[in-house]
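Below: one structure, written as structure tokens.
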Amino acid sequence: MKNIRVRFAPSPTGYLHVGGLRTALYNYLFAKRNNGKFILRIEDTDQSRYVEGAVENLINALKWSGLEFDEGPEKDGGFGPYFQSQRLDIYKKYAADLVKNKNAYYCFCSPERLTALRDEQKSQNLQAKYDKHCLSLSETEIKEKLDARIPYVIRLNIPSFEKVVFNDIIRNRVEFDTATIDDQVLIKSDGFPTYHLANVIDDHLMDISHVIRGEEWLSSTPKHVLLYNFFGWEIPQFAHLPLLLNPDKTKLSKRQGDVAVEDYRAKGYSPEALLNFVALLGWNAGDDKEFYYMDELIEKFSLERVNNSGAVFDIQKLNWLNTEHFRKLPKENLLSQLKSILADSEFNDANYSDEYLLLIIESMIERVTSVKEILEKSPYFFTDPLSYEEESKAKNWKPETPELLNELAKRFALLGKITDKHDFEKPLKELAAEKEIGAGKLIHPLRLAVSGMSTGPGVYDLLYIIGKEKTISRIGKAVKAI
RNA sequence: GGCGCGUUCGUCUAGUGGCUUAGGACGCCGCCCUCUCAAGGCGGAGAUCACGGGUUCGAACCCCGUACGCGCUACCA
């Protein structure tokens, strides 16, 4: 079997789309599974869409996701450059060959004529297609126009009434009639190639064996097939991936939620979870397994098992997977994450011991789905309560509460050095018994006083972590404040 | 409008002619546990396999048609 070489070929629009992430992942998995190479190529042939820093963002997002490319920008594998904008001479040369063989031709039509033509066709409910007006230009006419510096494009000369048939790994046989295919512009008037030309030339020159890309490319694949034929090149294997969809089943878009990998990163999702989730959107191994690490994905992946219908991006399932992955992270990882998040937070002035932070992690891990959430759900480990939850106040703060809590604080103060969370339990239970009330009558207001909240770890864990001194002082504060 | 691709619980999916009274997961609901919130355990509801024809002893699975959805229809990728 020939060498497996696949590419992820995004256009640098500013960020990595999760759909793009999945495309990249499938390419990556396929490459790794088959001892092939995963190549990153930047399709920056549209000057009007140039975005500052986009390539850097893209590469960073891929790196964060763990999809390291074998060849690409700054990583030459002998097939570079990997920026299409740096390969203009190559495209020009091949375009000239096409023109010489009459498989492409110069077109000098103005945008106005093109628009008028399209409008006319549309009004008659005809397919919008270039009318090959410039195909009939003579050599001398072309030369004259060229000399006169009239702007031109080079168009693909689609033969009429032929069938173009190709095989797609995911969709099997696909057939198009050339009568329905437009004479695609190959070289734009600014001298840049369009995607269609550049992609075929680069895939051939870069020795790409499998073209794995989104379904939106399926309709233009016959143009590419024609180009391969005109050049006399071997056609790569195609695999057109189903689209990722919004909940309303339209193509996944910004308007209906987050689509950038960096958005998910910012929200605290882990790359492992995001990758695991996205891998399952359109692929499965044929069994019930849903939790995967990268190495297992590589081991099991095959294009043949990719689905052929679009998949809704279901954030709930992502949340679940994120949680599953999160629970399996080693403590040291969580600790270092928490430290760096704290450093960037409003609580960055204090210095917390590893021991302290580890206790927090242990108490919160079942209650959050990311380290970031620890700060959101339990700020009380880092600051005294700034306010007290109204609902809990109404429910748990009774007229006799201040007196009870003061008494409890007094008894806590009598405790020696705290060595176990249950040290707090005894005085609390005793007081409850003496007053002939349920422990809950003390526990709920106590939690509120100490944390300002009504939810969180077990109350004894809570007290043990924040410590005896802070517990007592916070009770004092709460009694005054509430 | 034309062309292409698709259609199994709300969602992701298993299923490739008899093993299927269509399996799993997320979510949802209930119960248990319990100082709260979670986590965990147990259980439940939820799909006439888009619809209509055909082929077959037998079809979610094969064929044809229809409907619907999506994609493409740019000197964007």
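Below, chain A is the first sequence line, B the second, and so on; all start at residue 1.
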Centroid-centroid distance, A/Y269 to A/F277, less than 6.0 Å: no

Listed nucleotide nearest any side-chain atom of A/E290, set B/rA25, B/rG2, B/rU36: B/rA25

Residues A/K372 and A/E376 bridged, charged N to O under 4.0 Å: yes

Protein and nucleotides 73-77 of chain B: nitrogen or oxygen contacts under 3.5 angstrom:
unit_1, atom_1, unit_2, atom_2, d
B/rC75, O2, A/S189, N, 2.7
B/rC75, O2, A/S189, OG, 2.6
B/rC75, N3, A/S189, OG, 3.0
B/rC76, OP2, A/K188, NZ, 3.1
B/rC76, O2', A/D46, OD2, 2.8
B/rC76, O2', A/R49, NE, 3.3
B/rC76, O2', A/R49, NH2, 3.2
B/rC76, O2, A/R49, NH2, 3.2
B/rA77, OP1, A/T45, OG1, 2.7
B/rA77, OP1, A/K188, NZ, 2.7
B/rA77, OP2, A/Y195, N, 3.2
B/rA77, O4', A/R49, NH2, 3.4
B/rA77, O3', A/E43, OE1, 3.4
B/rA77, O2', A/S11, OG, 3.0

Euclidean distance, atom CG of residue A/L462 to atom P of B/rC37 [Å, nearest integer]: 15 Å

Between B/rG1 (C1') and A/D119 (CG): distance, integer Å: 14 Å

Earlier contact from the 5' end, RNA chain B, for A/T323 and A/W283: A/W283

Phosphate OP1/OP2 of B/rC26: any A/N319 side-chain N/O under 4.0 Å: no

N/O (side chain, A/N308) to phosphate O (OP1/OP2, B/rU7) under 4.0 Å: yes

Heavy atoms of other groups near A/K395 NZ, more than 12 under 6.0 Å: no

Donor-acceptor pair, side chain of A/N308 and main chain of A/I170, under 3.5 angstrom: no

Distance, rounded to the nearest Å, where A/N322 contributes CG and B/rA39 contributes P: 14 Å

Given A/L297, A/L303, A/N307, A/L25, the one that forms side-chain contact (heavy atoms from CB on, under 4.5 Å) with A/W283: A/L297

Which atoms of nucleotides 40-47 of chain B (N or O only) lie under 3.5 Å from a protein N or O atom, and what are those distances?
none

Nearest-nucleotide comparison on RNA chain B, the residue closer to the 5′ end among A/L218 and A/D288: A/L218

Touch class at under 4.0 angstrom, heavy-atom based, for A/L243 against every strand present: sugar-phosphate

Interatomic distance, A/L274 CG vs B/rC12 P [rounded to whole Å]: 17 Å

Donor-acceptor side-chain pairing of A/H240 and A/R171 below 3.5 angstrom: no

Sugar-phosphate only, base, or nothing, as touched by A/R305 at under 4.0 Å among non-hydrogen atoms: sugar-phosphate

B/rG71 base / A/S219 side chain donor-acceptor hit below 3.5 Å: yes

Ring-ring centroid check A/F412 A/F424, cutoff 6.0 Å: yes

Greater than 12 external heavy atoms within 6.0 Å of A/E296's CD: yes

Between B/rG2 (P) and A/F176 (CZ): distance, integer Å: 16 Å

Same-atom distance (P) from B/rU56 to B/rC61, integer angstrom: 16 Å

A/N27 side chain to A/I212 backbone, donor-acceptor under 3.5 Å: yes

Sugar-phosphate only, base, or nothing, as touched by A/G282 at under 4.0 Å among non-hydrogen atoms: sugar-phosphate

A/R447 (side chain) donor-acceptor with A/P457 (main chain) under 3.5 angstrom: yes

Touch class at under 4.0 angstrom, heavy-atom based, for A/Q124 against every strand present: nothing

Tabulated below should be each protein N or O lying under 3.5 Å from an N or O of nucleotides 28-35 of chain B; please produce it.
unit_1, atom_1, unit_2, atom_2, d
B/rC35, O2', A/H444, ND1, 3.4
B/rC35, O2', A/H444, NE2, 2.9
B/rC35, O2, A/R447, NH2, 3.1
B/rC35, N3, A/V459, N, 3.0

Donor-acceptor pair between A/S85 and A/D44 side chains, under 3.5 angstrom: yes

Nearest-Å distance for atom pair CG/C1', residues A/N396 and B/rC37: 13 Å

Integer angstrom distance from the P of B/rG23 to that of B/rG44: 12 Å

Sugar-phosphate only, base, or nothing, as touched by A/V174 at under 4.0 Å among non-hydrogen atoms: sugar-phosphate

Phosphate OP1/OP2 of B/rG24 contacted by A/N284 side-chain N/O (<4.0 Å): no

Lys NZ or Arg CZ of A/K328 over A/F291 ring: under 6.0 Å, within 45°: yes

Quiz item: cation-pi between A/R7 and A/F38, 6.0 Å / 45°: no

Interatomic distance where CZ belongs to A/F166 and C1' belongs to B/rC5 [whole Å]: 10 Å

Length of the CG-P vector between A/L244 and B/rG71, whole Å: 13 Å

Side chain of A/T250 (C-beta onward), nearest among B/rC26, B/rU13, B/rC70: B/rC70

